[in-house]
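Everything on this sheet refers to the single structure shown next.
Values reported hereafter were calculated over all heavy atoms of this structure, with side chains retained and with hydrogens, waters and symmetry mates removed. Atoms within each ligand, like the ligands themselves, are counted from 1 in listed order.
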Amino acid sequence: MTMTYTEALDILTNQDQAHLLAFWEQLDEAQQQALLMQIEEIDFSEIDRMRVALKQQAEAATAGQGAFEPAPVLTLEEAGDPAVRELGHRALRSGKVGVLLVAGGQGSRLGYDGPKGCYEIGPISKAPLFEIHSRKILALERQYETEVPFYVMTSEANDAPTRAFFELHDYFGLTPARVIFFQQGMWPGLDPDGNLLLDRPDHIFVSPDGHGGILSALRNRGVLEDMADRGLNALFYFQVDNPLVEIADPDFLGQHFANEAEISVKVCAKRDASEGLGMLVTREGHTEIIEYSDLTDAQKAERRPDGQFRLLYGSVAIHIFTFGFLKREADEALPLHVAHKQIPYCDATGAILKPDTPNAYKFEKFIFDVLPDAERSLNVEFARAEEFSPVKNAEGNDSPATTRRDMVAKFARWFDACGVRVPRDADGTPTVKIEIDPCYALNVDDLKAKLPADFKIEGDVLLQA
Ligand code: UTP
């Protein structure tokens, strides 16, 4: 039973938030019930934490201050040991590896109407991001004759369309029982005085609680039990917007196991001083990620005597977690990150106003804040051109155009390695489009094994299983 109006009014009056019921008399019964349900779900101890976070950020950003060192990184030259890779192969064959995708974000920069995973990115096939990820998992299941459960975190706003999309496309060939959707939590925002906001007379403004919300969601939605039931001991974690990601690649898995890490982080060299990657550092014996916005320009640009950036390696949110660590961390309260945003709100008459400038604050948890809690963690370098080109913006850097370009360039390098001539312009950019379905070849070795000896590229190439 939902709480009553009187109970809600009592709680809100105590919390100085009775304005949330300002339009009560004008609402119909269904709207009143929905509003009561929202009020019931608010955890006011979290709201207190948000107010503290708001106050702290008004005082000063501290994460980039104090003594810290660049974190140690296993470089590309050091990774790639066949014996270590074999540990990865073994883990996959044993069926103890699951895949965790965070897809609950709002994709506001891309401005696409729908879950970002439905965005059609295949340079020729127009395969959506979800299809590319799913086909990689299917390819792993086939190659290793194993089961790879696929956990997909959604949010209230995109859960139903995400499920419907998978259903419509027959789960892209995956076994539906191994595709597990779960919703992350939603959090209210606060105005500068610490008040919750109504974005409609009958609705409190809420937004997803950040990719770090995955921890509480895994616990609250029963996903940890599901993982335990399936006997998983490692979870490969990634974001929806990067079709180049090498899901559960055996080298990375092997390094994770060989180093007995609780969390492993793939890192790459930043593009330039201003690129917005979180930097890997060690402080007081623990590894952590300092957000780009918490570093000064001088810290971002500082160089070593050899000319390289002092803070060079950043995270692109590709991780492996041991199951035990995820389970332990699910009970920890992650720190809150505050963002100043434009949030629609109701004025005193109930009219909805859409501000042009930031007027209020959103709060998010970030997954990388678990790092300092790990007994052992590992940072492994990857080649950026091979594995990272996210769709973040509608245009410019990290946009669909650059992602498709990078996909084609990667497949072109596979053909180079197979000795197939790729037509290119004077800059070395392929003049044809190339796309390879992950179930045809997951990597260059698969392609070498499959490609007919007399294969020639004479126009666009789409290889599908
Ligand atoms: P981003 O930080 O790029 O955010 O998320 P976004 O929502 O996709 O895009 P913008 O910032 O609104 O333009 C990185 C990854 O984390 C997931 C996203 O779905 C994406 O895979 N994410 C982000 C969540 O799952 N939940 C969140 O609350 C936030």
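- Atom NZ of Lys341 is separated from atom OG of Ser207 by 9.0 Å, given to the nearest 0.5 angstrom.
- Closest to atom 17 (C) of ligand 1, if we only count protein heavy atoms, is Val102 O, 3.7 Å.
- Protein heavy atom in closest approach to atom 16 (O) of ligand 1: His211 CD2, 3.6 Å.
- Near Ser108, the atoms of ligand 1 lying under 4.0 angstrom from a non-hydrogen atom of the residue are 9 (O), 10 (P), 12 (O), 13 (O).
- Only the backbone of Ala103 comes within 4.0 Å of ligand 1, counting heavy atoms alone; no side-chain atom from C-beta on gets that close.
- Under a cut-off of 6.0 angstrom, the local environment of NZ in Lys392 is crowded, with over 12 non-hydrogen atoms contributed by other residues, nucleotides or ligands.
- Checking Asn397 against Glu275 by side-chain atom types alone, no donor-acceptor pair falls below 3.5 Å.
- Residue, atom and distance of the protein heavy atom nearest to atom 23 (C) of ligand 1 are Gly105 CA, 3.7 Å.
- For atom 25 (O) of ligand 1, the closest heavy atom belonging to the protein is Gly104 N, 2.8 Å.
- Among all protein heavy atoms, the one lying closest to atom 3 (O) of ligand 1 is Lys392 NZ, 2.7 Å.
- Taking a 6.0 Å sphere around CE of Met37, one finds it holds 12 or fewer heavy atoms contributed by other residues, nucleotides or ligands.
- The stretch residues 106-121 participates, sequence neighbours left out, in these side-chain hydrogen bond (donor to acceptor under 3.5 Å, both in side chains) pairs: Gln106-Lys362.
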